[in-house]
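Read through the structure below, which is laid out as structure tokens, and then see the notes.
Throughout, residue positions are numbered sequentially from 1 according to the sequence presented. In what follows, every heavy atom counts, from backbone to side chain, and hydrogens, waters and symmetry copies are set aside.
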Amino acid sequence: MIVESLISLGVFFLAVGAIGLVRFETVFSRMHAASAATTLGTGMIVIATAVDFYPDPTWLSTLVVTVFLFITAPTGAHLIARAIDIQQFREE
């Protein structure tokens with residue numbers, strides 16, 4: 001029951017991120033939708049995997065993947081946004 005609800009929430013957030021990626025107009029809005037919603041959706045699915053594998057030691061590696069995901073995805077999106085902003089500033 002818990003695993004199914006976490007996967008459903010993860011798929012919901014991934015769908016919201018995909019819709020935001022298509023519907024938003026500016027590059028920065030699209031990047032925000034892609035990074036925030038999809039990070040949360042993927043995190044929920046990986047946490048569901050950790051809950052499903054709990055007695056096995058594999059669940060610890062899924063938690064490491066979750067921590068790595070929550071650290072690297074927003075940081076990468078922030079650095080890409082800064083690079084786009086600097087490039088636009090140089091063109092003006």
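If you take CG on L40 and CZ on F13, they are separated by 4.5 Å, rounding to the nearest 0.5 Å. Within the model, atoms OG1 of T66 and CD1 of I71 stand 11.0 Å from one another, a figure rounded to the nearest 0.5 Å. Between the CZ atom of R30 and the CD atom of E25 there is a distance of 8.5 Å, given to the nearest 0.5 Å. For the atom pair CD1 of I80 and OG1 of T75, the computed distance is 11.0 Å after rounding to the nearest 0.5 Å. The CE atom of M31 sits 10.0 Å away from the NE2 atom of H78 when rounded to the nearest 0.5 Å.
F68 and I47 fall into different hydrophobic clusters, defined by Ile, Leu, Val, Met, Phe, Trp and Tyr side-chain heavy atoms under 4.5 Å apart, directly or through other members. Cluster membership for V16 and L9, using ILVMFWY side-chain heavy atoms within less than 4.5 angstrom, is shared. Hydrophobic cluster membership differs between L60 and V65, with clusters built from Ile, Leu, Val, Met, Phe, Trp and Tyr side chains linked at under 4.5 angstrom.
One side chain, S29 or T26, offers a donor N or O that lies under 3.5 Å from an acceptor on the other.
Of all the heavy atoms in A77 and S35, the pair that sits closest is CB-CB, 3.5 Å.
Counted within 6.0 Å of CD1 on I2, heavy atoms from surrounding residues, nucleotides or ligands total 12 or fewer; the atom is thus considered open. Counted within 6.0 Å of CZ on F70, heavy atoms from surrounding residues, nucleotides or ligands total more than 12; the atom is thus considered enclosed.
A heavy-atom distance below 4.5 Å is not found between the side chains of L6 and T49. Considering only heavy atoms from C-beta on, M44 stays 4.5 Å or farther from I7 through its side chain.
Not one N or O on the side chain of T42 forms a donor-acceptor pair closer than 3.5 Å with the backbone of T39. Here the side chain of W59 pairs no donor or acceptor atom with the backbone of A50 at under 3.5 angstrom.
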